[in-house]
Peer 1: 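Sharing a structure below in structure tokens format, with a few things to ask.
All residue numbers in this chain count up from 1 along the given sequence.
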Amino acid sequence: MGDTLITVIAIALAAVLMFVFPLMTMSDRTDDVSQLAVETATTDFVDDVRTTGKLSMDKYSKFLQNITSTGNTYDVEMQLNVLDENPGKKTTEAQKTKIGENVYYTMYTSQILDQINPSSGTTKVLALKEGDMFTTSVKNTNSTLSQQLKNFFYSVTGNDTYTIAAEHGGIVTANGSGK
């Protein structure tokens with residue numbers, strides 16, 4: 001009876017070592033590849049917007065297509081800090097003609113998408129100007145195979161956590177209005 005129990009435990013342990021751990025390792029590698037792909041796509045998208053000064057629905061759709069090609073679903077958040085150049089004059093005793101401080105106002109994803117969504121078939125382009133700041137962050141919304149296996153064996157991750165995420169931003173270096 002004791003030998004049978006040890007044999008069953010040995011077979012179960014061998015099955016875990018032969019099948020489960022390699023599966024976990026491969027699923028972790030898949031998440032690593034997806035992470036790299038999302039980071040690269042996010043960086044390319046933001047840098048393209050920053051260097052051209054233009055954001056269109058075509059660019060955004062291509063970006064979404066690139067990141068969803070990893071087989072995951074993502075929550076994409078964009079933030080645009082628009083430089084509102086204040087022409088007001090700040091008076092001081094030393095310099096009466098000194099220009100006032102620059103102020104930024106912020107546009108978020110829904111406002112940006114409203115600006116670039118084509119209406120009546122015409123493509124809209126959001127023209128940015130030099131000095132604006134553009135940031136995009138991406139987080140996966142689905143549970144990957146690696147997350148599911150870790151939840152099953154370790155109870156490490158929760159339902160609201162993500163394993164694939166990327167964020168990139170910077171200052172726009174070109175005027176998108178063509179000036």
Peer 1: Around atom NZ of Lys124, are there more than 12 heavy atoms from other residues, nucleotides or ligands closer than 6.0 Å?
Peer 2: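 Enclosed.
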Peer 1: As a test of understanding, state which of Val82, Asn81, Leu80 forms a side-chain contact (heavy atoms from CB on, under 4.5 Å) with Thr106.
Peer 2: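 Among Val82, Asn81, Leu80, the one meeting side-chain contact (heavy atoms from CB on, under 4.5 Å) with Thr106 is Asn81.
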Peer 1: Tracing side-chain links under 4.5 Å among I, L, V, M, F, W and Y, which residues wind up in one group with Ile11?
Peer 2: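 Noted: Ile11 shares its cluster with no other residue.
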Peer 1: Asp132: what forms a salt bridge (charged side-chain N to carboxylate O under 4.0 Å, His left out) with it, not counting sequence neighbours?
Peer 2: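 So Asp132 forms a salt bridge (charged side-chain N to carboxylate O under 4.0 Å, His left out) with Lys129.
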Peer 1: Of all the heavy-atom pairs spanning Gly169 and Arg50, show the shortest one and how long it is.
Peer 2: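 Heavy-atom minimum between the residues: C-CD, 4.3 Å.
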Peer 1: Any donor-acceptor pair under 3.5 Å linking the side-chain atoms of Thr51 with those of Thr173?
Peer 2: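 No, Thr51 and Thr173 have no side-chain donor paired with an acceptor closer than 3.5 Å.
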Peer 1: By side chain to side chain contact (heavy atoms under 4.5 Å, CB included), which residues pair with Ser110, not counting sequence neighbours?
Peer 2: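 Scan of Ser110 (side chain to side chain contact (heavy atoms under 4.5 Å, CB included), adjacent residues dropped) gives none.
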Peer 1: State whether a side-chain donor-acceptor pair under 3.5 Å links Asn142 with Asn72.
Peer 2: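 On atom types as modelled, these side chains qualify, holding a pair under 3.5 Å.
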Peer 1: Among residues at least two apart in sequence or on other chains, which ones pass ring-ring contact (aromatic ring centres under 6.0 Å, His included) with Phe63?
Peer 2: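 Here the qualifying residues are Phe45.
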Peer 1: Show the atom names and distances, to 0.1 Å, of all donor-acceptor pairs under 3.5 Å that link a side chain in residues 22-30 to residues at least two apart or in another chain.
Peer 2:
| from | atom 1 | to | atom 2 | distance (Å) |
| --- | --- | --- | --- | --- |
| Thr25 | OG1 | Phe21 | O | 2.9 |
| Ser27 | OG | Leu23 | O | 3.1 |
| Ser27 | OG | Met24 | O | 2.9 |
| Asp28 | OD1 | Ser146 | OG | 2.4 |
| Arg29 | NE | Asp32 | OD2 | 3.1 |
| Arg29 | NH2 | Asp32 | OD2 | 2.9 |
| Thr30 | OG1 | Met26 | O | 2.9 |

Peer 1: Looking only at side-chain N and O atoms, does Asp47 offer a donor or acceptor that is under 3.5 Å from a partner on His168?
Peer 2: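 Distance-only check passes for His168 and Asp47.
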Peer 1: How many angstroms lie between atom OG of Ser34 and atom CD1 of Ile67, to the nearest 0.5 angstrom?
Peer 2: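 Result: 11.0 Å between the selected atoms.
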Peer 1: Is it possible for you to say whether Val46 and Met107 belong to one hydrophobic cluster, with membership spreading through side-chain heavy-atom contacts below 4.5 Å?
Peer 2: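 In one cluster with Val46: Met107, yes.
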Peer 1: If you compare all heavy atoms of Tyr104 against all heavy atoms of Gly131, which two are closest, and at what distance to 0.1 Å?
Peer 2: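 Nearest heavy atoms, Tyr104 then Gly131: OH-O, 3.0 Å.
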Peer 1: Would you say the side chains of Gln35 and Glu39 form a donor-acceptor pair under 3.5 Å?
Peer 2: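 Glu39 and Gln35 do have a side-chain donor-acceptor pair below 3.5 Å.
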Peer 1: With sequence neighbours excluded, tell me which residues meet salt bridge (charged side-chain N to carboxylate O under 4.0 Å, His left out) with Asp75.
Peer 2: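 Per chain and number, Asp75 pairs via salt bridge (charged side-chain N to carboxylate O under 4.0 Å, His left out) with no residue.
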